Amino acid sequence: MDSYYEKNMNCLKDKRKQLYDKLVEIIDNKEYDFSRFNLIETKNGQKTVEITDNGRKIRLNSIYNPQIEAEKWADSFEFNNLDTPVIMFGFANGIFARAILSRMNKDSFAIIVEPDISLFIYCLYEFDMCDIFSNLDIVILLDQINSEKLTDALNSNIDVKLINTQIVCTHPKMDILYHDKCKIFVKKIRERITKSFGDLCTYIILSDAILDNLFKNFCYIKGSNCVADMIGVIPENIPFIITAAGPSLDKNVDELKKAEGKAFIMATDRSVGTLVKHNINFDAIITLDANKTIDFLGDEPEKFSNYPLFAGIDSNNEILKNSRARKIWMITSDFWLSLCSKHQLNTTVYSIGGSVATAAFNVARLIGSKTIVLVGQDLAYDGEVSHTGNIKEKIKYNAYSGLIEGIHGEKLKTRADWVKFRNWFEKTITEIGEDIEVIDATEGGAKIQGTTILSLKDTIEKYCKEEFDFKKVINDLVPTFSGKLYLDFKHDILHLEKELNVIKRCAEKGIIKSDDMLDMYEKKSRDIEKEKEYCKTIKEMNEMIEEQLLYKVIEHYIAKNINLVMRGVNVLTDDEEENIKDTCRISKFVYQRILDAIDDIEPKLIDAIKDID
């Protein structure tokens with residue numbers, strides 16, 4: 001028995017050190033209980049665990065043949081995709097887990113949640129599980145150690161294109177023994193699926209606007225900066241105040257006058273109108289949304305046109321066009337990230353978080369602020385009012401999410417996206433630790449764990465003590481995109497037209513070779529040498545396409561079409577020839593979508609290039 005324990009623990013120590021260290025601490029402190037477990041021998045000589053549960057005795061495996069039972073159970077799931085991920089509730093003694101994991105392709109992965117740390121430790125003594133522990137494509141989440149990281153594991157590993165093919169399963173007995181924990185497991189899976197499709201739908205809705213903005217905004221690169229240029233230029237003792245557009249902003253907005261010149265006040269786009277109406281001299285505007293027009297910033301665009309603008313290269317062009325001040329670019333697209341990386345610019349980036357306020361928080365985090373103040377970050381309704389200015393916004397696609405805890409312990413009506421943003425703030429505040437103090441001076445709305453709740457008046461009195469002139473800072477800041485660097489960027493952008501032609505030629509050639517190989521199989525005249533030649537050419541075309549900077553744009557643009565057929569990608573049958581023919585058809589489909597995208601993109605790119613200085 002001890003030999004299994006020693007072997008399992010050594011394997012965990014070697015392959016999963018962090019998990020091992022926490023496990024040792026629990027074992028040393030005897031924070032486990034084996035009293036419910038009993039090891040019994042099955043008819044075929046294997047062993048299983050019998051668990052006493054409310055007077056019942058439940059065996060984890062068949063009393064006759066645990067191995068055959070597990071294999072029959074695993075056979076009930078269809079592994080018809082190369083990338084089929086497995087998400088399983090119940091590790092137990094590893095017999096059921098091993099059966100389903102053995103059917104995984106080498107390119108896939110699994111997440112296994114074990115709801116009982118005592119059972120896991122007991123099984124370490126009685127069963128050899130090193131083969132599972134050694135497979136690092138398997139994420140193991142253990143009760144009392146790291147099970148709370150299920151959402152993070154899902155976010156990191158479950159891509160939207162795999163949602164239709166993933167296998168979600170529970171150990172046949174563990175869902176009975178640990179019913180409540182299993183319900184939480186299922187709920188988190190559903191939340192992830194909903195979010196994945198929501199993210200995809202959002203991108204599909206915005207893809208055309210993103211493309212238009214991206215090209216039209218090229219002309220604003222000259223004389224601008226990257227957000228990383230702001231690191232260290234705002235003293236860390238100067239509070240970074242973020243004004244969001246929650247209903248409570250109307251209650252304390254006038255207090256911001258006392259912070260002028262003693263804090264860095266960043267106005268999120270939708271809060272700008274309220275600040276302008278109250279004659280607040282803030283320091284900068286931040287905007288991200290491709291579809292958020294200038295009307296969202298208020299009805300007096302001339303009054304906010306001279307404020308420095310933090311934006312993405314694909315932010316709404318109308319807002320950038322109105323801006324006559326310095327533009328500071330955040331990294332919001334793979335294209336911009338690749339372009340900046342090519343020229344060795346600082347591309348430090350954190351999860352944007354999904355809202356303009358969370359993006360502003362990341363700017364504060366990036367530049368080194370030690371005090372971040374949230375104002376108007378309600379994340380809840382005030383009665384029926386959703387935003388500053390007595391706006392009562394109804395969002396059809398975002399279902400009402402129920403009630404959320406307010407800063408005074410009350411229950412407030414909220415929305416699903418606001419709950420997501422609240423969760424993001426709480427997770428990020430935990431990550432940054434005690435080095436940064438986050439103050440919630442919203443004076444209403446949802447409670448954000450980890451923040452210091454303080455009125456805006458008291459916050460300003462306590463923290464806004466030194467003079468600060470951001471206008472001088474921005475005037476003294478040398479633009480990133482000037483001189484030789486701008487000329488290099490300009491050359492890359494002008495070269496995009498040639499890249500478009502390269503991608504077009506490669507896609508056309510890819511279609512021809514896909515057709516040739518498909519025709520060969522349709523005519524039942526398979527030629528191995530020709531097949532190698534076709535595959536080699538297709539691979540070369542794919543590599544050449546992906547080398548082009550512009551493909552980062554095309555790839556996202558065609559996602560709205562590709563994801564409609566992604567369920568069919570890599571689906572295998574027992575017929576090898578049919579598999580190859582399906583691969584040819586899908587390959588041809590993707591190439592054709594690339595050509596369709598080029599037809600849309602080319603005139604827009606040519607027009608944009610004309611406006612570049």
Side-chain angles (χ1 to χ4, degrees), residues 224-225 227 229-230 233-288 292 294-311 315 319-328 330 356-357 359-361 363-364 367 369-377 387-389 439 441-443 454-477:
S224 63
N225 284 88
V227 67
D229 296 336
M230 305 299 297
V233 302
I234 299 175
E236 63 180 34
N237 61 324
I238 296 297
F240 192 111
I241 299 177
I242 301 168
T243 65
S248 70
L249 182 62
D250 297 324
K251 301 174 185 176
N252 60 8
V253 61
D254 289 319
E255 289 291 338
L256 288 169
K257 290 182 184 294
K258 300 172 186 175
E260 292 174 6
K262 295 181 179 179
F264 178 77
I265 305 174
M266 175 174 275
T268 62
D269 42 28
R270 205 162 183 169
S271 71
V272 168
T274 297
L275 269 59
V276 167
K277 284 181 180 178
H278 287 259
N279 297 311
I280 304 299
N281 292 314
F282 52 96
D283 294 292
I285 297 170
I286 183 169
T287 186
L288 290 179
K292 192 171 284 183
I294 198 167
D295 295 337
F296 281 87
L297 278 69
D299 52 11
E300 299 177 277
E302 71 284 352
K303 290 191 176 181
F304 53 78
S305 61
N306 289 319
Y307 286 98
L309 186 66
F310 287 73
S315 295
I319 296 174
L320 271 81
K321 189 175 181 180
N322 177 72
S323 174
R324 295 193 293 269
R326 187 78 63 92
K327 278 88 173 169
I328 298 114
M330 295 176 291
V356 69
F361 189 97
V363 172
I367 68 177
S369 298
K370 293 298 183 184
T371 307
I372 304 175
V373 182
L374 305 177
V375 180
Q377 192 60 57
H387 292 85
T388 178
I439 298 167
T442 294
E443 300 185 46
L454 199 63
S455 72
L456 183 55
K457 179 177 182 295
D458 291 343
T459 299
I460 293 170
E461 288 179 358
K462 182 176 180 179
Y463 294 96
C464 299
K465 296 181 177 296
E466 296 187 23
E467 297 296 322
F468 172 69
D469 185 354
F470 184 65
K471 287 182 180 177
K472 184 177 186 309
V473 168
I474 203 72
N475 288 335
D476 291 344
L477 188 66

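This is a predicted model, so every value here is computed, not measured.
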Can you find a pair of side-chain heavy atoms, one from Ile328 and one from Ile474, that are under 4.5 Å apart?
yes
Short side-chain to backbone donor-acceptor contact, Asp283 and Ile265, under 3.5 Å:
yes
Residue set satisfying salt bridge (Lys or Arg N to Asp or Glu O under 4.0 Å) with Lys258, at least two apart, ordered chain then number -> Glu255
Rounding to 0.5 Å, atoms CG (Asn252) and OG (Ser455) come to a distance of 8.5 Å
Look up atom CG in Asn237 and atom NZ in Lys465, then write down how far apart they are to the nearest 0.5 Å.
11.5 Å
When you compare the side chain of Ile319 with that of Phe296, does any pair of heavy atoms fall below 4.5 Å?
no
Would you say Ser305's side chain and Glu302's backbone share a donor-acceptor pair under 3.5 angstrom?
yes
Closest non-hydrogen atoms of Thr274 and Thr388, given as atom of the first, atom of the second and distance, are OG1-OG1, 2.7 Å
Minimum heavy-atom separation for Gly376 to Ser248, with atom names?
CA-OG, 3.7 Å
Using 0.5 Å steps for rounding, measure from the CZ atom of Phe264 to the CG atom of Asp469.
12.0 Å
Can you list, pair by pair, the side-chain donor-acceptor contacts under 3.5 Å of residues 266-273, counting residues two or more places apart and other chains?
| residue | atom | partner | partner atom | Å |
| --- | --- | --- | --- | --- |
| Thr268 | OG1 | Thr243 | O | 2.7 |
| Thr268 | OG1 | Ser271 | OG | 3.4 |
| Asp269 | OD1 | Lys292 | NZ | 3.3 |
| Asp269 | OD2 | Thr287 | OG1 | 3.0 |
| Arg270 | NH1 | Glu393 | OE2 | 3.1 |
| Arg270 | NH2 | Glu393 | OE2 | 2.9 |
| Ser271 | OG | Thr243 | O | 3.0 |
| Ser271 | OG | Thr243 | OG1 | 2.9 |
| Ser271 | OG | Thr268 | N | 3.3 |
| Ser271 | OG | Thr268 | O | 2.7 |

With side-chain contact (heavy atoms from CB on, under 4.5 Å) as the test, would you mind laying out the steps for Ile367 and Val233 before giving the verdict?
CA-CA 8 Å; Ile367 68 177; Val233 302; over 6 Å; no
Distance from Ile242 atom CD1 to Ile439 atom CD1, nearest 0.5 Å?
11.5 Å
Determine, stepwise, if the pair Asn225 / Met230 fulfils side-chain contact (heavy atoms from CB on, under 4.5 Å).
CA-CA 9 Å; Asn225 284 88; Met230 305 299 297; 5.8 Å; no
Looking at Lys462 and Asp458, is any side-chain nitrogen of the basic one under 4.0 Å from a carboxylate oxygen of the acidic one?
no
Given Glu467 and Lys262, is the side-chain contact (heavy atoms from CB on, under 4.5 Å) satisfied, shown in steps?
CA-CA 5 Å; Glu467 297 296 322; Lys262 295 181 179 179; 3.4 Å; yes
For the residue pair Phe304 and Leu275, establish whether any side-chain heavy-atom pair is separated by less than 4.5 Å.
no
Tell me whether Glu443 contacts the main-chain N or O of Leu456 through its side chain, where contact means a donor paired with an acceptor under 3.5 Å.
yes
For a quick test of reading the model, state the closest non-hydrogen atom pair linking Pro301 to Asn322 and the distance between them.
O-ND2, 3.3 Å
Backbone N/O of His278 and side chain of Lys257: donor-acceptor pair under 3.5 Å
yes
Can you tell me how far OG of Ser323 sits from CD1 of Ile285, rounded to the nearest 0.5 angstrom?
7.0 Å
Please round to the nearest 0.5 Å and tell me the distance separating atom CG of Asn475 and atom CG of Leu477.
9.5 Å
Report, as yes or no, whether the 6.0 Å neighbourhood of atom NZ on Lys277 holds more than 12 heavy atoms from other residues, nucleotides or ligands.
no
Give the minimum heavy-atom separation between Gln377 and Ala357, together with the two atoms involved.
OE1-CB, 3.0 Å
Closest heavy-atom pair and its distance - Val356, Ile286:
CG2-O, 3.3 Å
Check the surroundings of atom NZ in Lys321: do more than 12 heavy atoms from other residues, nucleotides or ligands lie under 6.0 Å from it?
no
For Ile238 against Ala263, the heavy-atom pair lying closest together
CG2-CA, 3.7 Å
